[in-house]
Every structure is written in C-alpha cells, then in structure tokens.
Amino acid sequence: MKKLILISFILLFNFSTQAQDKKAKALLDQVTSKVRSYNNIVIDFKYSLNNAKENINQDSKGNVTMKDDQYVLNFMGITKIFDGKKTYTIVPEDEEISISRLNEKDDNAITPSKMLTFFNSGYKYSMDILQDVRGRKIQYIKLIPTNAKDQRKEILLGIDVQTKHIYNLIEMGKKGTKTTLTVNSFKTNQPLSKNQFTFAESKYPNYYINKLD
C-alpha cells in the first residue's frame, strides 16, 4: 500500500512538473514572439553586481538601441556599435577604438539582441514566483544551464505578465556572485536615423584605431 501511495505521489509530482514546464515554455515563446515583432527596441537599464564574500557592490546604468542584429550599446563609459558585420568598441577614456569582425560560426557570440531571446536553448526552465512590483505582475521563470561548465548556477527571468516584456534578469553564480539587470524603460518602433548603426571614423580624429581582424 505504501509503495502504491509513493508511486502515485511520484507520478503526480512528475505530471505537475511537466505542466509547469509547459507553462514556462509557453510564456517564453510569447516573449520571443513579441521581441521579434518589433522593428526596433530601445532600452534603458540598471546593472548591479554583488558578491558578499568579496564585499563587492557595484551599480551601473546603460542603454541600448537594437534593430535586427544591429545595435548601439552605451555602458560604463564605453560605446559599442555593431553594424551587422563589424563591432566598434569606443573607449573615450583611452581615446581608443577596437574594430573586430563577428564570427558567424560562433554560436556563443552574445549580442544585446540575443540577450532578449537567449533562453531558447541551453537551459532547463520552470515556473517560479509571481510578484507584484509597483502594480505590475512579474512572473519569474527559473533557468538552469544545461552545460556543466557554465559558471552560472541559475537565472531568474522576470517577465511582465501583461506586456510579455522582460522586466529583469537575475544571475546567480556558482561562486556567490549575483548580477541583476533591470529594465527601466522599454520602447519600441522608435524613429531612428538611417546612420544609427554606422560607425563614422571622422568623429574620432585623435583616437587610436586597433583593428583586431
């Protein structure tokens, strides 16, 4: 009798887990569909890095403009422009610009546009808590990397239930580091300049150009 109850419990637990996983997958699919439906996306964000053991607490702000795979990212005083073929990393403090070509065969190459859909492969996922954040319902999905070499223990992805936009992303490292990216502003289909993603060397006459490819 006890074995029968135990088996029934295991089957019920597995069924419940599978149902939760399907809900998580459905929500992630909605987020991906929303992201891909926009002509462009402009995001202002806050980035926090914390490690209690190392006594590290850092906060930074940034913004990114994306259209397809192209982007302009401003973060920690550095600007990155990707025009679809090359990445231009502009460091005003050093008056230096690095130019590198994207390796199209590198599936691990992370770009800002991929950051909104990175969860589509390489992770196990399940529904987590639902929180009320200043009147917004934020549903968290727990992501566990399937690659054992990944230094991240788990990721919590917060999704606005109404808009299906990503609200925040919390990464927990295996060594105790916690990083949080919170979206402060999420704008779509904005009027952009035709040269928005074009690097103009003439704007940096005194900069050292370092071509890496």
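Since this is a predicted model, take the numbers as computed values, not measurements.
- A side-chain donor-acceptor contact under 3.5 Å links Asn120 to the backbone of Thr117.
- Between Asp29 and Lys25, at least one side-chain nitrogen of the basic residue sits less than 4.0 Å from a carboxylate oxygen of the acidic one, meeting the salt-bridge criterion.
- Under the 6.0 Å cut-off for aromatic ring centres, Phe75 and Tyr47 qualify, their centroids lying closer than that.
- At distances below 3.5 Å, not a single donor-acceptor pair connects side-chain atoms of Lys164 with backbone N or O atoms of Ile159.
- Here the side chains of Thr65 and Phe197 are in contact, with some heavy-atom distance below 4.5 Å.
- Here the CD atom belonging to Gln30 is positioned 11.5 Å from the NE2 atom belonging to His165, to the nearest 0.5 angstrom.
- Counting only distance, with no hydrogens or angles, the side chain of Asn51 and the backbone of Ile56 share no donor-acceptor pair below 3.5 Å.
- A heavy-atom distance below 4.5 Å is found between the side chains of Ile141 and Met127.
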Practice item. Assess whether side-chain contact (heavy atoms from CB on, under 4.5 Å) is satisfied between Gln131 and Tyr140, documenting all intermediate values. Key: CA-CA 8 Å; Gln131 283 190 339; Tyr140 283 90; 3.5 Å; yes

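- Residues Ile170 and Ile155 fail the side-chain proximity criterion, which asks for heavy atoms closer than 4.5 Å.
- Looking only at side-chain heavy atoms (C-beta outward), Asp160 and Ile138 come within less than 4.5 Å of each other.
- Of the inter-residue distances, the one linking Arg36 atom CZ with Leu116 atom CG reads 11.0 Å to the nearest 0.5 angstrom.
- The hydrophobic cluster containing Met76 also contains Val64, counting ILVMFWY residues as joined when their side-chain heavy atoms lie under 4.5 angstrom apart, directly or transitively.
- Counted within 6.0 Å of CD on Glu201, heavy atoms from surrounding residues, nucleotides or ligands total 12 or fewer; the atom is thus considered open.
- Checking side-chain atoms of Gln70 against main-chain N and O of Asp83 turns up a donor-acceptor pair under 3.5 Å.
- The two atoms that bring Gly77 and Pro92 nearest to each other are O-CD, 3.3 Å, heavy atoms only.
- Note: the hydrophobic cluster containing Leu49 also contains Phe45 (ILVMFWY, side chain heavy atoms under 4.5 Å, direct or indirect links).
- Atom NZ of Lys124 is surrounded by 12 or fewer heavy atoms from other residues, nucleotides or ligands within 6.0 Å.
- Remark: Leu169 CG to Phe119 CZ distance equals 9.5 Å, nearest 0.5 Å.
- Taking hydrophobic clusters as Ile, Leu, Val, Met, Phe, Trp and Tyr residues chained together by side-chain heavy-atom distances below 4.5 Å, Tyr167 does not share a cluster with Leu143.
- If you chain together hydrophobic residues whose side chains sit under 4.5 Å apart, Val133 and Leu156 fall into the same group.
- A 6.0 Å sphere centred on CG of Asp59 holds more than 12 heavy atoms belonging to other residues, nucleotides or ligands.
- Between the side chain of Glu154 and the backbone N or O of Arg152 there is no donor-acceptor pair closer than 3.5 Å.
- Atoms CD1 and CG, on Ile97 and Asp94 in that order, are 11.5 Å from each other to the nearest 0.5 Å.
- Annotation for Lys34: atom NZ counts as buried by contact number, over 12 foreign heavy atoms lying within 6.0 Å.
- Under the 3.5 Å distance criterion, the side-chain polar atoms of Thr32 are matched with a main-chain donor or acceptor of Leu28.
- Side-chain contact between Tyr125 and Lys142 is absent, with no heavy-atom pair separated by less than 4.5 Å.
- Using modelled atom types, one finds a donor on one side chain and an acceptor on the other under 3.5 Å when comparing Asn74 with Asn63.
- A donor-acceptor pair under 3.5 Å is formed between the side chain of Asn189 and the backbone N or O of Asn39.
- Partners of Tyr207 according to the ring pair (Phe, Tyr, Trp, His ring centres under 6.0 Å) rule, which considers only residues two or more places apart in sequence or in another chain, are Tyr204.
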Exercise for review: Please lay out, stage by stage, how Asp132 and Lys137 fare under the test side-chain contact (heavy atoms from CB on, under 4.5 Å).
Suggested key: CA-CA 5 Å; Asp132 190 307; Lys137 297 295 184 182; 3.4 Å; yes

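- Residues Leu181 and Val35 fall within the same hydrophobic cluster, defined by Ile, Leu, Val, Met, Phe, Trp and Tyr side chains chained together at heavy-atom separations under 4.5 Å.
- Lys67 pairs with exactly one of Asn40, Ile41, Val72 by the side-chain contact (heavy atoms from CB on, under 4.5 Å) rule, that one being Asn40.
- Atom CG of Leu73 sits about 11.0 Å away from atom CD1 of Ile90, to the nearest 0.5 Å.
- With Thr146 contributing its side chain and Gly122 its backbone, the two residues share a donor-acceptor pair below 3.5 Å.
- Between Leu157 and Ile166, the closest side-chain pair of non-hydrogen atoms falls below 4.5 Å.
- Ile81 contributes atom CD1, which lies 9.0 Å from atom CD of Gln196 (distance to the nearest 0.5 angstrom).
- Counting heavy atoms from C-beta on, the side chains of Phe82 and Asp69 come closer than 4.5 Å.
- Counting heavy atoms from C-beta outward, Ile43 and Met66 have side chains that approach closer than 4.5 Å.
- Separation of the Tyr123 and Phe118 ring centroids falls under the 6.0 Å cut-off.
- Between the Gln190 side chain and the Thr188 main chain, a donor and an acceptor come within less than 3.5 Å of each other.
- Under a 4.0 Å N-O distance rule, the pair Lys61/Asp44 does not qualify as a salt bridge.
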